[in-house]
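In what follows, every heavy atom counts, from backbone to side chain, and hydrogens, waters and symmetry copies are set aside. Letters A, B, ... are given to chains in the order of the sequence lines, protein chains preceding strands, and every chain is numbered from 1. These figures come from a predicted structure and were not determined experimentally.
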Amino acid sequence: MSSPKVEIIENYCKGCSICVEFCPTNVFKMEGFVAKVVRPEACTKCMLCELRCPDFAVKVH
Amino acid sequence: MSSPKVEIIENYCKGCSICVEFCPTNVFKMEGFVAKVVRPEACTKCMLCELRCPDFAVKVH
Amino acid sequence: MSSRYELRFSGAGGQGLITAGIILAEAAAIVEGQHAVQSQSYGPEARGGASKSEVIISNEPIDYPKATSVDACLALTQEAADKYAIGIKPGGMLLIDSDFVKREPQGDFKTVKFPIISTAKNEIGREIVANVVALGAMVALTGIVSREAGEQAVIARVPEAFIELNKKAYNTGYEKIKSLIA
Amino acid sequence: MSSRYELRFSGAGGQGLITAGIILAEAAAIVEGQHAVQSQSYGPEARGGASKSEVIISNEPIDYPKATSVDACLALTQEAADKYAIGIKPGGMLLIDSDFVKREPQGDFKTVKFPIISTAKNEIGREIVANVVALGAMVALTGIVSREAGEQAVIARVPEAFIELNKKAYNTGYEKIKSLIA
Amino acid sequence: MAFDYEQYLRPGKLPHIWCPGCGHGIVMKGLLRAIDTCGLEKNNTAIVSGIGCASRLPGYVDFNTLHTAHGRAAAFATGIKMAKPEMDVLVVGGDGDGVAIGGNHFIHACRRNIDMTYVLLNNYIYGMTGGQFSPCTPTWAKASTTPYGNPDPIFDVPKLAIGAGATFVARTTAFHATQIDKLIAAGLRHKGMAVIEVLDDCPTAYGRRNKFRSVVDMMKRLKEIAVPVKAAAHMTPEQLEGKVLTGILHQEERPEYCEQYQQVIARAQGA
Amino acid sequence: MAFDYEQYLRPGKLPHIWCPGCGHGIVMKGLLRAIDTCGLEKNNTAIVSGIGCASRLPGYVDFNTLHTAHGRAAAFATGIKMAKPEMDVLVVGGDGDGVAIGGNHFIHACRRNIDMTYVLLNNYIYGMTGGQFSPCTPTWAKASTTPYGNPDPIFDVPKLAIGAGATFVARTTAFHATQIDKLIAAGLRHKGMAVIEVLDDCPTAYGRRNKFRSVVDMMKRLKEIAVPVKAAAHMTPEQLEGKVLTGILHQEERPEYCEQYQQVIARAQGA
Amino acid sequence: MAKKVALLQGNEACAYGALYAGCSFFGGYPITPSTEVAEVMSKELPKTGGKFIQMEDEIAAMASILGASLTGAKALTASSGPGISLKQELIGYACIAEIPCVIVNVMRGGPSTGMPTGPSQSDVMQAKWGTHGDHPAIALAPASCQEIFSETVRAFNLAEIYRMPVQVLLDEINGHMRERIEFPEPGDLEVVDRQQATVSPADYKPFDDSQGDIPPLASFGSEYRYHVTGLNKAADGFPTSKPELVDAEQRRQLRKIEANRAAIEKNEEYLIDDAEVIVVAYGTISRSARYAVDVLRKEGIKAGLFRPITLWPFPEQRMAELAGQAKAIVVPEMNLGQLILEVERVTRRVCPIEGIGRVDGEPITPAQIVAKVKEVL
Amino acid sequence: MAKKVALLQGNEACAYGALYAGCSFFGGYPITPSTEVAEVMSKELPKTGGKFIQMEDEIAAMASILGASLTGAKALTASSGPGISLKQELIGYACIAEIPCVIVNVMRGGPSTGMPTGPSQSDVMQAKWGTHGDHPAIALAPASCQEIFSETVRAFNLAEIYRMPVQVLLDEINGHMRERIEFPEPGDLEVVDRQQATVSPADYKPFDDSQGDIPPLASFGSEYRYHVTGLNKAADGFPTSKPELVDAEQRRQLRKIEANRAAIEKNEEYLIDDAEVIVVAYGTISRSARYAVDVLRKEGIKAGLFRPITLWPFPEQRMAELAGQAKAIVVPEMNLGQLILEVERVTRRVCPIEGIGRVDGEPITPAQIVAKVKEVL
Ligand SMILES: Cc1ncc(C[n+]2csc(CCOP(=O)(O)OP(=O)(O)O)c2C)c(N)n1
Ligand SMILES: Cc1ncc(C[n+]2csc(CCOP(=O)(O)OP(=O)(O)O)c2C)c(N)n1
Ligand code: SF4
Ligand code: SF4
Ligand code: SF4
Ligand code: SF4
Ligand code: SF4
Ligand code: SF4
Ligand SMILES: [Mg+2]
Ligand SMILES: [Mg+2]
C-alpha cells in the first residue's frame, strides 16, 4: 500500500472545518477560509474526510 | 313499558329495505317503493331499525 | 331551412330516458345517416328530480343543440309533464304515461295517453325496459325514424342476453301506439 | 430638482453591507428627518456572489429608488469593484478596501483607498464590524449625514453589549478617512 | 325513546339528496347523537366539509356549517379553530375528499394535533362524480375509471392517521350504528385531533358496478368484515384476512395545538 | 481509492451553491456512490426534485434531471415512471418540499408503491427561503416565523411513510456518511417505493438561530442522536429519549405499481 | 360509407381525438363535467399499451403528464374550473419549461364549485391569464363533436410544434351532448410528432434557440440527457438570472405565438361578406348564433357569424377588419363578459359592441341573439 | 414630530398596515420575496392575542384565513406568484362565498419558479382573471412604503365593506426596499369594521340582498348560525341551481364593484393638466415614471403621470378622458404588456399607446421612459 496522498481542492473548499474536526489523526488545519493538509503522513486512509466534505474538496488517494 | 309504536314517514322513506332486512323480528315489509310496518306487535324496541334507516324515516316510540 | 325535428323524453332520474334518447339519436344518425344531436339536463341536484333528454334530428347539420320548439314530447311523471310540456310547439305531440300523469298539461298540441310503465311491467315483465317501450311508442308516434332503424339501434345498444326482451319492449310500444293513433 | 444623493455599498454576500446601508438610511431618515430609501440586489444565486446595497438620500420625496448615477460607492471586493464601480457619476467618489481591490477601477471619479477589513480585524479586533468601519468611512467621505447622526443610528441598531465595539468601529472608520482626505 | 333528530336538523331540508340506502344518512344520525351526548352547543359548534356526497352533510344540520372546496375542509377548519379555539370543530367528508385531494391537510391536521373531530365517511369510491376509484377503492374492484379493475393499493386510513400523528383514531361501519355515536363522542371528548373512519356504502356508484345485488348485501358485508380490536387480539392472521378492525385503534396524549399556541402568546406577552 | 465523483458530475458546475457546511453536499455524494454501486445507467436514470436548497441537487449530476415546482417532485416522477417504467427514477428534496407542500404526493407515492427511490434531505428548516420552520423543525426551536419558539409538533418522516404504505423506509444522518450510500443503494435495489430520510444540517438558516456555534457542533449532534435500530432494541425508553433510529426501519414486499398496471394492460388486451 | 361512425359525447370525441393524435398518457382527477374524457382514456389506453393514471389531485395530474411528456409521450389531462384553477402553477411550469401537453377544460359555472352541472364559458380569460408571470397561451374552442375530435388532434399538434401546453375549452353542453362522429382514418387528419433532436447528445441543449424559436425536445431515457427547471434558464437548461438571457428567453416564449399567429389562428366565417351585424361567438354558443343568423337572414337582416376557434391567440387582425365593415357587433357568451373585452380592444370599438351574458346555467338561445341583434340595429 | 417613525421594508410596512387595520389572523406559507410579511406577523400578532399559523401549503393558508374570517377575524395571507397561482381556486371560493380577506402578492419574475429574487409586475392580469368563473376583483398597487401601509389598511376596509378578497400587489423592489414610515396614530386612517347583522338570528340570511348588494356577514360562534357553500346559492346560503337565483347572485357579485367604482377606484395624477404625453404607471415603476416626468418637464416636454392605485377595478373612465387630451400614452410595466391591454381597451386607442416591457429582473429606469416618451412624440 502506497503512502496516502491527501489533497484539498482549494477553490472548492468553503472552510466548514468538518474535515479538520473529524479527522481521527488531525491531518488538517484551518488556514484562513480554507482547510489545509498539515500532517499527510498521519493519514490512515479511513476516508471519512473525503466522505464528509460537503464540497468535493477533499481527495484521498 | 308501553307497547312500542313503530312508525314510517313515507315521504322520507327511499325504499332501501335496510329496516326490512335487519329487523330481528320482521316488523317491516316492502310495499312498492316504501317500507311498511306490518307486525308492530313483534317489535322488541331494539331500535336498530331507527338507527340504521339512512333517511330518518323510521321512528320507534 | 332544414327539416329540424325536436323530441324530448322526460321523467325522473333513473328511468333510462337518456338511453332512450341516445338510441333514437343512433337510429337517426347511424342507421339512417341523418343528422342528430342528443343532449340532457341535469336537475338542480346531482340525483333525483325531473330529468330530460332531448334529440334533434335533421337532414342538415344541426346548429342549436337544444330544443327550441318541441315537436314531440314524452313525459313519464307528473313533475316532468308539468315542467317540460311547456315548449311543445303548436300542433306538436305529447305522450304521457296515463298511470302517472293525472293532470294532463294543456296546450295547442295533441296528447296521447298510454300506460307505459305498467305495459313494461305487465306485458314485458320488466319495468326496467319502460324506456324502450316509450322509445317504440315515440317512434310510432312521430315516424321520425323508421320502425326498423329504431329496432336496429336498440339491438346495437343492449347486451346480447337482453336483445329479445328489448325488441319485445320496443315493438310492443310501437304497436300499441300505432293502434291507438290509427 | 431635489438634492438627491446616491450611495452604493458593495462587496460579497455576508459582509454586512445591507446593514451598513440600513444604518445610513436610518441616520438620514430617522435621526436627521431627511428622505431616504435603501434597497439591495440579490445576486444571481440566492447565496454568495457580489452583493450591493444602495441608499438614496434627499431633502424631498424620492421617486426612483435605485441608483441612477452614483455619488459615492464603496467596494470591499474586487468582484464588487469590477461590477459596481460602473455607474459612479463624473466627479463621484469610490472607496475601496486597499487589501482586496488590487485592480483599481478607472473612471472620472475620485478613488480613496483604505484597508477597511484589516482595520476592523486589527484595530477594532473583530472582522465582523468591517461594515461599520466602512460606514464611518463613507460618512466621513461624503458628509451626507452628520457624524453624530451616523453614530446615533449605529447605537440604535446594535444590541446593548456591542455598542462600544461598534461605536469604536464607526469612529475609527470616520477618523481614518477624515485624516486621509484632509 | 326515539332520538329527537329534529332538534339538530334544519327544518325543511329532508328528504336529503342521498340515494336510497346510501350509508351517509346513517352516519349523519350517529354524528347528531354523539353531539347530543357530548352536549355541544349549536352556536358554538362548527361543522366543516369539502365536496362530495358526504360533504353535503353540513347542509342538513343546524350548526355553523361550512361546505368548502374539494379536499380543503381540514384546512378551513384549522383556521376556524385557531381563530376561535373555544368553538367545537368537526370535519366530515368522504374518502376522496379526505385522503385523495385532501390528503395533505388531513395529515397536517393530525400532525398538529389540533382539537378537531374528523369523521371520514369512507364508501371507497367517488360517489358524487359517479364512481371513479378513490384511494380507498379495493384493489381490482371496478370503478368507472378502472374498467379492467383497480390496480391501486388502498390507504388504510387509521394507519395513515396514526403515521401522521393523530392522537385518537377509531373505526366502525354504518352497519354498527350504535358504535358510530359512541366513537364520535369519544373523539369529541378527546383533546386533540380525533379521526373516526366510518365505512359505509355507495350503492349507486360502487355497489352496482361491483355486483352487489342490493344495499342489504353491502350492509351484510360491512357486518362480516368488521372485527372489534379486542376480538382481533385473539385471532390468527388467516382469520383476520380481509377483515377490518373496529373500535378505538389508537389513543395517546400529546399537547394540543391551540394550547401550544397559547404558550406562544404567553411568551410574546412576556409571561 | 478515492471515489470518482466526476464521472457523475456535470462539468463546470462546482463549487455548488450550498453554504459552507451545508449537509446537502454530503448527501449528494452518498447518492452518487449508491448509484454507482447499483450500476444505474445515466441515460436510463431520472432524478427529480422540487424547490429548495436540497432540490438544487439534480442540477449538478449528469442524468436526466428535472427540477420541478415546490412540492411536486413525486408527482412528476410518477408520470415519468409510469410512462417509461424501464427507467430508474429517484426523487430528492428537502423536508419542506417533501412533507409540507409535497405531503400529498409523498403519501400517495408511498401508497401506490411505485418503484422509486425518494431521498429526503431533512435539515428541519426551510433553508432556501431563509429559515422559516418546516413540519420537521423541532418543537420550540427558533425559526424566522417562530420568534417565540415553534409550537408545532413534527412529522416523524419514516413513520409517516410507513403509515402511508411505503415498502422500504430507512434513515440515517449526514454524519454517518458511509451509511448514506448503503441505504440509498438498498432503496434502489428494493422494488417499490423506497424512502430514505437523511438528517442533515442547515447551518445558515437553522444553526445560527438555534445557538449552534458551528457546523461541527451540528454534526456532532447528528452523531449523538443517531441510534441504529438494532442497538435501540436493547435500550430503555429513557435511553432513547431524544434519539432517532437509523438504518432500515421497515421493509416489506407488495406488488409494485407499474407491474400492477401491466396487468391492467394485459386485461385490456384480453390476455 | 366506409368510415366508422358513432354517436359520441363531446367528451368522448375529445378522448378519441387524443388517441388519434397519438396520445399515450393520461393523468387525471375526476371532476364533473369532464369525467367522460378520463373514462374513455382509462378504457382505451391500456389496449395499446398506453398509460392511464388517476392521481391524488389535479396538481398531481398535471405534474404526471409533464413527467410523462418529458419521456416523449403525448400527454393529456382533463378537468373543469376548480381543477383547472389548481393546475395554474404547473401550467406556468409547462410554459417556462416548454413541455408539450394538452389540457381539456370542460367549463361549468363558477367561481369555485359553482354549478357543476351547469354549462358556462367563464374560463376564457383564465385560459390566457390564469397562471402568474408572462407566458404564451393557446386555447381552442370547438363547437361540435366532430370538431372536438379534430381540434383535439390539432391541440396535440400545436402543443408538439410550439412546445407548450395547449388548452381545449369545452363546456357542459358540447362536452355532454351526443352527435354523430365520423372517425377519420389514419392520415385523414394531420398528426404532428415531436421534432427530434438532430445534434449529437453532447451538443444537445434543450433550449438552444440558435436554430429557431422552438428548439427540439429530446426524451428522457434516450441517449440525450439534460436538465429542466422552472427557473428562468439559459439555452443549456440551467438556471440563470443574467438579465440578457432571461429577457431573451421570456420574449422568445411569447414570440412562439406572435410570430406564428397565421399558423395557429383558426376561425370560421358564416355569411360575413355583406354582414351588417356580426355575431362573434365560440364553442357551443356559436351554434345558437348560427341558428340566429339564419333566422335573421330569413327576416332580411344582414347578420353574419364570426367564430374564433382559436380563442388564444385571438384572431385580432381579422376581427379588426370585420369591425371596420360592420354596423354593430354582438358577442354572446355564457359568462358576464370576457372575450368581448378582447373584441373591444382589438376593434377600437369602431362600431357599437354589445354583449349577451348568461350565467344562470342555461345556454344562450338563438332567440336571445335574434332579439339583441334587432335591438342594436 | 410626535409620530413614531421607522425605516421599514415595504413588506414590513404591509404587515404593520394590516395590524393597524385590525388584522388578527395570518395564515401563510413562506415564499420569496414575500416572507417578511409573515415574519412580522409571527412576531407581532401573538403580542395582542392574534394568531399566526404557517400552514402546510398556500392552499391551506388561503383556506385557513377564510375559516378565520368566518369567525369574525380580519385575516391576511401573503405570497408570491407560485403561491398565488395555487390559491386561485380558493380565491374564487372567497368571491362566491363572499368572505372578506386580504391577499398580498409580492410579485417576482414568472411564470413558475421564474426569478424568485427578481422584481416583476407580471401578475396584474392574473389578479383579475386567475380563478375560473365570473367574479369580482379588487387589486391595489401601492408605490411607497408609506403607501403600502395605508393601502393595506384600505385593502382591509374594502374587503370588509364589499365582503370579498382584496389583493395587494407589491413587487420585489418595493416589498424589500426600506423607507421612512410615519406610523399613523389610531384614528389617522379610517378603519372599517365588518358590518354586523341587525336582524334576529332566526331571520338572518347570509346572502340576503333585500337590503342591498352587500349583506352583513355574521360570525361563526356568535348567536347567528348559517350555512356557507362554494356552490351557487340562494339568499339563505343553501345551494340552488334555480336559474333566476343563480343569475341574480352572480350579477350582484359583479355589481358590488361596478356600482361602487367611485368609492373603490383611486389614482394619482401628476402634472397631468397640460400633459401631451401621459405615462401610465403603477407600483414601483410609477416612481421611475415620476422621475422621468420631472426630467422631461425640465427639458420642456409636457409629460404627465397617471398612476392607478386601484388596478382593479381599473379607473377606466378617467383613463379614457385623459386619452382624449393626450398626444400619446406610454405604459411602462415590468412585464410583457398587461395593464396596457386595459389601457388600449378603455381608451379605444384614440392616441398612440406604447408599452415599455421589461422582464429581465431589472426595474424599468427613468431613462428608458424618457427615451420612449421622446420616441413617441
Ligand atoms: C378541485 C375539485 N376537484 C374535483 C372535484 C370533483 N369532485 C366532486 S366530489 C368528488 C369526489 C367525492 O368523493 P368522496 O369524497 O369520496 O365523497 P362521496 O361522494 O363518495 O361521498 C370529486 C372528485 C371538485 N369538485 N373539485
Ligand atoms: C409554490 C411555492 N411555494 C413556496 C415556495 C418558496 N420556497 C422555495 S424553497 C422553500 C422551502 C425549502 O425548504 P426545504 O424543502 O426543506 O429545502 P431546503 O431549502 O431546506 O433544502 C419554499 C417554501 C415556492 N418556490 N413555491
Ligand atoms: S482519510 Fe481519515 S485519516 Fe486520512 S485525512 Fe481523511 S479523515 Fe484523516
Ligand atoms: S470539509 Fe471540505 S469544505 Fe469543509 S473545510 Fe474541509 S475541505 Fe473545506
Ligand atoms: S330503512 Fe328507512 S329508507 Fe330504508 S326502507 Fe326502511 S324506512 Fe325506508
Ligand atoms: S326496534 Fe328493533 S324490533 Fe322493533 S321494529 Fe325496529 S328493528 Fe324491529
Ligand atoms: S352516489 Fe353513492 S355516496 Fe352519493 S348519495 Fe348516492 S349512494 Fe350515496
Ligand atoms: S441555506 Fe441551509 S440548506 Fe440552504 S444551502 Fe445554506 S446551509 Fe444549505
Ligand atoms: Mg367516497
Ligand atoms: Mg429543509
Side-chain angles (χ1 to χ4, degrees), chain D residues 1-4 6-7 9 13 17-49 51-70 87 89 145 149 152-154 156-157, chain H residues 1 3-10 12 32-33 108-109 113 115-119 143-147 171-183 270 279 281 283-295 297-298 305 307 332 360-370:
Chain D
M1 237 186 269
S2 69
S3 65
R4 181 180 177 107
E6 305 186 349
L7 297 99
F9 296 75
L17 295 166
I18 294 178
T19 308
I22 294 173
I23 298 175
L24 179 62
E26 287 178 334
I30 302 182
V31 184
E32 295 193 343
Q34 304 191 59
H35 291 273
V37 184
Q38 182 277 335
S39 70
Q40 59 266 325
S41 284
Y42 297 85
E45 297 296 350
R47 268 163 297 285
S51 129
K52 71 171 175 190
S53 169
E54 291 177 349
V55 181
I56 322 281
I57 296 173
S58 175
N59 58 359
E60 283 180 21
I62 294 155
D63 297 326
Y64 188 59
K66 300 270 180 179
T68 53
S69 70
V70 177
K89 78 174 183 197
V145 297
Q152 227 176 294
V154 168
R157 260 267 142 193
Chain H
M1 210 175 290
K3 295 225 165 120
K4 214 185 118 199
V5 297
L7 190 81
L8 289 188
Q9 288 192 300
E12 295 168 339
T32 306
R108 63 195 233 178
T113 314
M115 281 215 291
T117 57
S144 69
C145 293
Q146 188 76 49
E147 193 178 63
D171 63 64
E172 193 280 327
I173 295 176
N174 67 8
H176 277 160
M177 76 187 182
R178 289 177 176 80
E179 280 185 304
R180 181 168 184 269
I181 286 266
E182 272 183 19
F183 287 93
Y270 178 61
V279 183
T284 292
I285 296 308
S286 69
R287 302 172 64 130
S288 307
R290 199 179 168 108
Y291 188 108
V293 164
D294 281 339
V295 170
R297 285 275 172 178
K298 277 253 167 74
L305 169 67
R307 175 167 82 92
D360 63 357
E362 299 290 329
I364 294 171
T365 60
Q368 278 186 284
I369 299 172
V370 167

Student: How long is the gap from CD1 on H:Ile173 to OG on D:Ser41, to the nearest 0.5 Å?
Tutor: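 So the CD1 of H:Ile173 and the OG of D:Ser41 are separated by 8.0 Å.
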
Student: Within the structure provided, determine whether H:Arg287 and D:Lys66 are in side-chain contact (heavy-atom separation under 4.5 Å).
Tutor: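 Not touching, per the 4.5 Å side-chain cut-off.
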
Student: How long is the span from the CD atom in H:Glu179 to the NE2 atom in D:His35, to the nearest 0.5 Å?
Tutor: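 The CD atom of H:Glu179 sits 9.5 Å away from the NE2 atom of D:His35.
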
Student: Between OH of D:Tyr64 and OG1 of H:Thr284, what distance do you get to the nearest 0.5 Å?
Tutor: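 The OH atom of D:Tyr64 sits 10.0 Å away from the OG1 atom of H:Thr284.
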
Student: Say you draw a straight line from NZ of H:Lys4 to CD1 of D:Ile30; how long is it, rounded to the nearest 0.5 Å?
Tutor: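 H:Lys4 NZ to D:Ile30 CD1: 10.0 Å, rounded to 0.5 Å.
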
Student: With a 4.5 angstrom heavy-atom cut-off, could you sort out which part of D:Ile56 is near chain H: side chain, backbone, both or neither?
Tutor: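 Contact with chain H involves no heavy atom of D:Ile56 at all.
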
Student: Please name all residues satisfying side-chain hydrogen bond (donor to acceptor under 3.5 Å, both in side chains) with D:Gln34, sequence neighbours left out, ordered by chain then number.
Tutor: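 If we apply the side-chain hydrogen bond (donor to acceptor under 3.5 Å, both in side chains) test to D:Gln34, skipping adjacent residues, the hits are D:Glu32.
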
Student: Using the side-chain contact (heavy atoms from CB on, under 4.5 Å) criterion, which residues pair with D:Ser53? Sequence neighbours excluded.
Tutor: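 Applying side-chain contact (heavy atoms from CB on, under 4.5 Å) to D:Ser53 gives D:Phe9, D:Ile18, D:Gln38.
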
Student: Show the nearest heavy-atom pair for residues D:Ala36 and H:Leu7, with the distance to one decimal.
Tutor: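 For D:Ala36 versus H:Leu7, the nearest heavy atoms are O-CD1, 4.4 Å.
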
Student: Short question: side chain of H:Arg180, backbone of D:Ala29 - any donor-acceptor pair under 3.5 Å?
Tutor: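 Yes: the side chain of H:Arg180 pairs with the backbone of D:Ala29.
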
Student: Which region of H:Ile364, side chain (C-beta onward) or backbone (N, CA, C, O), has a non-hydrogen atom less than 4.5 Å from a non-hydrogen atom of chain D, or is it both or neither?
Tutor: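 Only the backbone of H:Ile364 comes within 4.5 Å of chain D.
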
Student: Ignoring hydrogens, what is the shortest heavy-atom contact between D:Gln40 and H:His176? Give both atom names and the distance.
Tutor: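 Heavy atoms of D:Gln40 and H:His176 come nearest at NE2-O, 3.3 Å.
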
